[in-house]
Amino acid sequence: MTDTNNPDSELQARIREIPIPLPDPAYRERNRKLFTGRIPYGQDSIRSFEPAPRGPLWLGLGIAAAAAVLLVFMFTTPAPVWEVVKMETSGTVAINGTELDVLDLPAQIASDTDLETGDDGRLTVGIDRAVNLVLTTNSAVSLGVDRSLLGKPVLTAMVHHGTAIGTTGPNFSSSGLRIETDHARVLITGTTFSVLSNADTTCVCVLTGTVRVESKQTGEVQMVPPEYQLFVSREGTDIQLSPITAIQKARLEEVRKKSP
Amino acid sequence: MSRKDNPLTPDMLERIRARDTEALNLFFETYFSRAYGYVCRLVRDPNEAEDITQVAFMKIHRAVHTLDPDRDPTSWVFAVVSNTVRDYWRSKRYKQSRLNKSLDKTVVSDRLTAEDDQHARDAARILARALEELSEKLRAVVLLRDYEDLSYAEVAKVLGIAEAAARKRHSRALGELREAIKRAEQPKK
């Protein structure tokens with residue numbers, strides 16, 4: 001809208017010439033499918049217009065029956081299984097306290113399994129096309145599978161000490177992975193990150209995406225953006241956000257190249 | 001897209017109210033990129049802009065059956081988007097304020113398209129930078145008035161302010177932009 005008598009008209013015309021930021025094509029396409037009803041909006045699923053019910057009793061019985069079938073289905077859905085993706089060592093890895101040679105490692109890892117790498121051990125476990133976790137040397141992690149309130153399987157990883165470096169793939173669901181240490185809960189909303197833990201401190205480093213970290217001691221929540229790291233102490237009072245180091249960045253970039 | 005080019009006729013809006021897939025697609029094509037650009041310019045963070053725009057469109061999708069087919073829905077769409085941005089600011093600002101100032105990366109320029117003429121590119125960059133440096137309140141008015149071609153009454157409705165306040169903010173915004181451009185161009189003279 002330009003008024004030739006308005007002295008601001010030239011400035012307004014120049015403003016309109018500034019290119020507008022455009023959405024990422026993949027993001028735009030996903031939202032187009034959400035908006036047109038081809039895929040639901042998460043738990044607040046919005047579908048195409050449905051016809052009106054014939055009567056309240058019929059509708060109530062129908063909803064109850066559908067809900068019962070859905071709950072049975074969700075609670076009986078088989079949970080995903082952690083698999084051994086790669087072992088980069090000629091040494092050993094302990095599974096549930098038992099040392100195994102690399103040649104003896106099982107292809108799949110049962111639920112509630114404790115993994116520990118030694119001085120020369122580096123193990124990668126993962127879920128097909130969803131997530132990979134790299135356990136570096138001298139690390140101990142307990143893997144498991146839990147169920148959400150709605151029965152959805154949730155992968156769990158408890159990092160007791162050492163380092164677990166994670167990267168996510170196309171089948172990853174952020175609500176399907178929970179990582180913890182003695183001091184913090186880590187919710188993965190992004191792609192490539194690492195969690196380092198010792199007796200006193202947890203450090204979460206993020207390369208791409210964003211990670212939500214909660215102190216178990218104080219309940220304080222901090223978002224860790226890309227290329228930042230967050231330290232959480234055992235007491236939970238010392239929470240510091242700072243840029244990641246060049247070394248950390250290089251390690252994460254190396255893992256990211258091998259994302260599932 | 002200017003107001004007169006809006007393809008959402010009353011018949012099409014009726015179909016959108018009925019959640020006709022093709023009509024919803026047209027609605028999406030008409031507004032989504034514009035809404036994203038508006039949000040991105042307001043919050044100056046493409047990642048946050050993606051989340052905000054998606055939430056806004058989820059709200060729009062929920063309420064699309066309430067559209068008045070006899071009225072242009074543009075101001076309604078931007079009102080929902082603006083309210084979503086406001087909700088974001090209320091919920092995120094406290095946490096955002098704790099982050100290091102170096103997080104304030106001006107990523108909007110990463111998405112700007114290239115231009116061939118160097119002089120035009122410099123002038124556009126100066127103006128784009130000046131627009132980014134406006135306060136959110138003033139920037140919102142400029143984006144709605146000058147990009148989306150809304151009237152002052154519609155801008156006021158979108159932002160939940162009086163029409164006189166919308167005019168005043170727009171005038172102040174243009175004044176600050178002129179000053180900023182003058183400051184930036186002075187060394188070249």
Side-chain angles (χ1 to χ4, degrees), chain A residues 1-2 6-38 40-51 189-190 208-210 212-213 220-230 239-243, chain B residues 2-3 18-22 24-25 27-29 32-34 36-41 46-47 49-50 53-54 57-58 60-62 65 92 95-96 98-100 102-103 107-108 110-115 120 123-124 127-128 131 142-143 145-147 149-151 170-171 174-175 177-178 181:
Chain A
M1 178 181 293
T2 306
N6 188 335
D8 294 329
S9 59
E10 183 189 343
L11 177 59
Q12 289 174 285
R14 287 178 63 187
I15 290 171
R16 278 191 286 275
E17 289 172 3
I18 300 173
I20 301 172
L22 296 174
D24 175 79
Y27 156 80
R28 186 176 186 276
E29 179 60 22
R30 173 170 170 79
N31 273 272
R32 191 182 65 79
K33 288 179 180 174
L34 286 166
F35 194 76
T36 55
R38 291 182 193 179
Y41 274 106
Q43 291 191 359
D44 294 319
S45 174
I46 302 174
R47 301 186 182 277
S48 302
F49 181 73
E50 296 177 354
T189 60
T208 57
T210 309
R212 179 183 186 275
V213 180
E220 183 178 4
V221 171
Q222 179 79 45
M223 301 299 292
V224 186
E227 302 198 17
Y228 270 72
Q229 60 187 12
L230 182 74
I239 298 179
Q240 299 176 3
L241 187 72
S242 59
Chain B
S2 67
R3 178 69 62 84
R19 298 189 187 277
D20 175 81
T21 302
E22 192 181 325
L24 285 175
N25 191 60
F27 188 95
F28 180 88
E29 293 294 328
F32 189 81
S33 294
R34 288 162 63 185
Y36 172 82
Y38 170 68
V39 175
C40 203
R41 279 253 157 81
N47 292 325
E50 287 187 350
T53 308
Q54 181 161 328
F57 266 71
M58 184 177 73
I60 289 170
H61 188 268
R62 277 189 193 142
H65 62 284
K92 285 275 190 178
K95 293 176 186 176
Q96 288 283 53
R98 300 190 62 190
L99 291 179
N100 190 296
S102 62
L103 280 178
V107 294
V108 173
D110 292 342
R111 298 281 182 96
L112 296 179
T113 56
E115 294 184 19
L127 185 53
L131 186 59
V142 171
L143 295 175
R145 173 79 178 141
D146 298 313
Y147 269 100
D149 201 25
L150 299 185
S151 67
H170 188 241
S171 175
L174 294 184
L177 286 174
R178 272 195 295 273
I181 292 168

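Letters A, B, ... mirror the listed sequences (proteins, then strands); counts begin at 1.
- Heavy atoms only, all atoms of each residue included: A:P19 and B:R41 are closest at O-NH2, 2.7 Å.
- When heavy atoms are compared at a cutoff of 4.5 Å, B:I181 approaches chain A solely by way of its side chain, counted from C-beta outward.
- Atoms OH and OG1, from A:Y27 and B:T53 in turn, are 4.0 Å apart once rounded to the nearest 0.5 Å.
- There is no contact between B:S171 and chain A, counting heavy-atom distances below 4.5 Å.
- Looking at B:F32, the atoms closer than 4.5 Å to chain A (heavy atoms on both sides) all sit in the side chain, from C-beta outward.
- Evaluation of the side-chain hydrogen bond (donor to acceptor under 3.5 Å, both in side chains) rule for A:E227 yields A:K249 as partners, not counting sequence neighbours.
- Neither the backbone nor the side chain of B:V39 comes within contact range of chain A, judged by heavy atoms closer than 4.5 Å.
- Remark: B:D20 pairs with B:R15, B:E22, B:A23 by the side chain to side chain contact (heavy atoms under 4.5 Å, CB included) rule, at least two apart or across chains.
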